[in-house]
Amino acid sequence: MRGLPEGSGTPLRVALISEHASPVALVGGEDAGGQNVYVNELSRHLGRLGHEVDVFTRRDDPETPEVIEWAENVRVVNLRAGPRRRIGKDAMWEHMPEFRDELLRHVLRTGARYDVIHGNFWMSGWVGVEVGRELRAPLVQTFHALGATKRRWQGADDTSPAQRLAVETHVARHADRVIAHCPEEHRELVEEYGVDARRIALAPPGVDLERFMPVDRREARRLVGLDERDNVIVYVGRIVPRKDVRNVVRALAALLRSSDLSPRLLVVGGEDERPDARSTPEIGELRRLASELGVGERVVLTGKRQPDVLRYYYGAADVVVTTPWYEPFGLTPLEAMACGRPIVAAAVGGIPYTVEDGATGLLVPPQDPAALAAAIGSLLVRPRLRAAMGAAGRRRVEERFSWDRCARRIAAVYRSSLQPAASGAPSP
Ligand code: UDP
């Protein structure tokens, strides 16, 4: 292991469990989103600080080796649990006992020792509680999304296993520390899951400030194939109903009806690199809705793009938009701000914590296309305000949302978990 940078203390050995979200997987697909990014960036930055991280995930391809040397001080361990092909995360619960046993077998075989276990998502949290006893290490838990919120919003469409809420509550109460990504999640953990606030640590994720950086708009437009004279609204993210891209299509139609503006909407995301309604059914819904509202030719669907080119998509925007029904945290608003673009976003979940209303963008109510259209319209006619908001957004993420800052904070939470519970989580 390399020497430790100043101020990071003794190195910790971390077993980071993330059953469905591997850093190796491509992001942007239906089940591959923010958690993959989080696990990848956090483990790399912990590794850079000198900590040793093993990321345990499910092997979903027979070609994948069991252990991958992923980054400095970071290994990815692909455990055999369930079929060795991609399965949806909602079908994974029944394979978790096997995952737990395989993890313990790996530890026995290799003689690995861990100071702390970090569970990600409720199923890995359960594995963490189970193996914590054997490994005699405290459990730090990040939920990423809470089942109670999902149930409230998705109702009968929520395909999570029936046991989710009970297991999640069990994990929330047994973990030595629970990480809340934003104040809203902190509130939910206390009020809906009965977690003792002294065990909760507020630690937001970050954004890669070099990958997501401002680029020249004209150059970006050329690269993504859009006219530099057009007004362009950009959405980046998974294309699933709860992200409510339909709301953005409706707002576009409202803007075209009620103003002289005729912007284009660029929608980036989906299962494949091409916008295919068979693999991403929501793409079919968006196409249908757009043509029904007469804005079919103003909407450009690109399919999924890799993170290393996303700055050109954000950079092509006059305004970036995201209006999910709910959002546990939301990395894409941070990415838009890092790219120096104003963001119009629904005031739900983590978004009011990351986006400063009136300074780095505008907050609107969810599921309100008229309010969204008004907010977008007000920015499209004010280029100087857009530039000022973009610059303020970049400053905000540099000051508050770097991955280095996140990793240092999480390392402090790990350390606090080695102390008796009564000493509480460190304050930010
Ligand atoms: N993303 C991507 N390619 C795409 C669409 C999305 O790499 O085509 C990434 C996006 O940049 C972000 C993540 O997927 O980092 C989505 O994270 P977010 O927290 O916004 O939403 P989640 O998917 O976790 O619900």
Side-chain angles (χ1 to χ4, degrees), residues 28 212-237 239 243-270 273-275 283 286-287 289-291 293-307 309-323 332-346 355 360-362 364 369 371-394:
F212 295 98
M213 56 191 305
V215 293
D216 179 53
R217 180 177 289 101
R218 208 181 313 167
E219 168 81 349
R221 290 274 173 94
R222 194 179 58 73
L223 285 168
V224 307
L226 288 177
D227 194 310
E228 75 180 73
R229 286 158 306 188
D230 269 342
N231 276 143
V232 177
I233 304 165
V234 172
Y235 167 84
V236 178
I239 314 289
K243 296 289 181 179
D244 208 3
V245 188
R246 293 182 216 178
N247 187 54
V248 187
V249 172
R250 291 197 181 96
L252 175 71
L255 255 182
L256 287 162
R257 261 197 323 270
S258 62
S259 70
D260 299 335
L261 298 163
S262 53
R264 272 186 199 285
L265 169 62
L266 185 69
V267 178
V268 184
E273 304 281 330
R274 285 164 186 277
I283 284 184
L286 294 176
R287 284 203 180 115
L289 180 67
S291 78
L293 296 173
V295 295
E297 89 283 5
R298 307 305 296 169
V299 179
V300 183
L301 294 145
T302 67
K304 167 167 74 180
R305 290 292 177 271
Q306 291 309 302
V309 297
L310 284 179
R311 63 178 172 279
Y312 297 108
Y313 291 83
Y314 286 113
D318 291 302
V319 177
V320 179
V321 169
T322 181
T323 59
T332 57
L334 288 187
E335 293 167 359
M337 290 192 280
C339 290
R341 293 296 181 266
I343 167 105
V344 178
V355 177
T360 69
L362 296 174
V364 292
L372 178 61
I376 295 173
S378 74
L379 292 181
L380 287 183
V381 296
R382 291 186 183 83
R384 278 219 299 261
L385 177 61
R386 292 204 302 269
M389 283 183 162
R394 176 72 198 183

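Just so you know, these numbers use all the heavy atoms, side chains as well, and skip hydrogens, waters and symmetry mates. In this text the structure is predicted, and so the values were computed from the model without any measurement.
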**OP:** Before giving the answer on side-chain contact (heavy atoms from CB on, under 4.5 Å), spell out for Thr322 and Val320 the whole-Å C-alpha distance, their side-chain angles and the decisive distance to 0.1 Å.
**Re:** CA-CA 7 Å; Thr322 181; Val320 179; over 6 Å; no
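- Here the OH atom belonging to Tyr314 is positioned 10.5 Å from the CE atom belonging to Met337, to the nearest 0.5 angstrom.
- Just one residue in the list Glu335, Arg217, Arg386 forms a side chain to side chain contact (heavy atoms under 4.5 Å, CB included) with Arg341, and that residue is Arg217.
- Put simply, the side chain of Glu273 reaches to within 4.5 Å of the side chain of Gln306, judged on heavy atoms.
- For the atom pair CE of Met213 and CZ of Arg394, the computed distance is 5.5 Å after rounding to the nearest 0.5 Å.
- In this structure a side-chain-to-backbone donor-acceptor pair under 3.5 Å is missing from Arg264 to Asn231.
- Residue Asp230 holds its CG atom at 11.5 Å from CG of Leu261, rounded to the nearest 0.5 Å.
- A salt bridge between Asp227 and Arg229 is present, with a side-chain N of the basic residue lying under 4.0 Å from a carboxylate O of the acidic one.
- Here Tyr235 pairs with nothing under the side-chain hydrogen bond (donor to acceptor under 3.5 Å, both in side chains) rule; sequence neighbours left out.
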**OP:** Start with the C-alpha gap between Val295 and Val249, add the side-chain angles, then the distance that decides, and say whether side-chain contact (heavy atoms from CB on, under 4.5 Å) holds.
**Re:** CA-CA 8 Å; Val295 295; Val249 172; 4.1 Å; yes
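- With respect to Arg221 and Asp318, a salt bridge is recorded, a charged nitrogen being found less than 4.0 Å from a carboxylate O.
- Atom CG of residue Leu256 and atom CG of residue Leu293 lie 10.0 Å apart, to the nearest 0.5 angstrom.
- Residues that satisfy the side chain to side chain contact (heavy atoms under 4.5 Å, CB included) test with Val215, not counting sequence neighbours, are Ala220, Arg311, Tyr312.
- The two residues Val234 and Tyr313 come nearest to each other via the heavy atoms CG2-O, 3.5 Å.
- Residues Ala338 and Pro214 share a closest heavy-atom pair of O-CD, 3.4 Å.
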N/O donor-acceptor pairs under 3.5 Å from side chains in residues 296-303, not counting sequence neighbours:
residue: Arg298; atom: NE; partner: Pro263; partner atom: O; Å: 3.4
residue: Arg298; atom: NH2; partner: Ser262; partner atom: O; Å: 2.5
residue: Thr302; atom: OG1; partner: Val267; partner atom: O; Å: 3.4

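- Ile283 and Gly269 make their closest contact through CD1-O, 4.2 Å (heavy atoms, listed as atom of the first residue, atom of the second, distance).
- Pairing each heavy atom of Thr332 with each of Gly237, the nearest pair is CG2-CA, 4.5 Å.
- Leu379 CG to Leu362 CG: the interatomic distance, rounded to the nearest 0.5 Å, is 4.5 Å.
- One finds the CG atom of Leu372 at 5.5 Å from the OG1 atom of Thr323 (value rounded to the nearest 0.5 Å).
- The two residues Ala373 and Ala251 make their nearest non-hydrogen contact at CB-O, 3.6 Å.
- Smallest separation of non-hydrogen atoms from Ala375 and Val344: CB-CG1, 3.8 Å.
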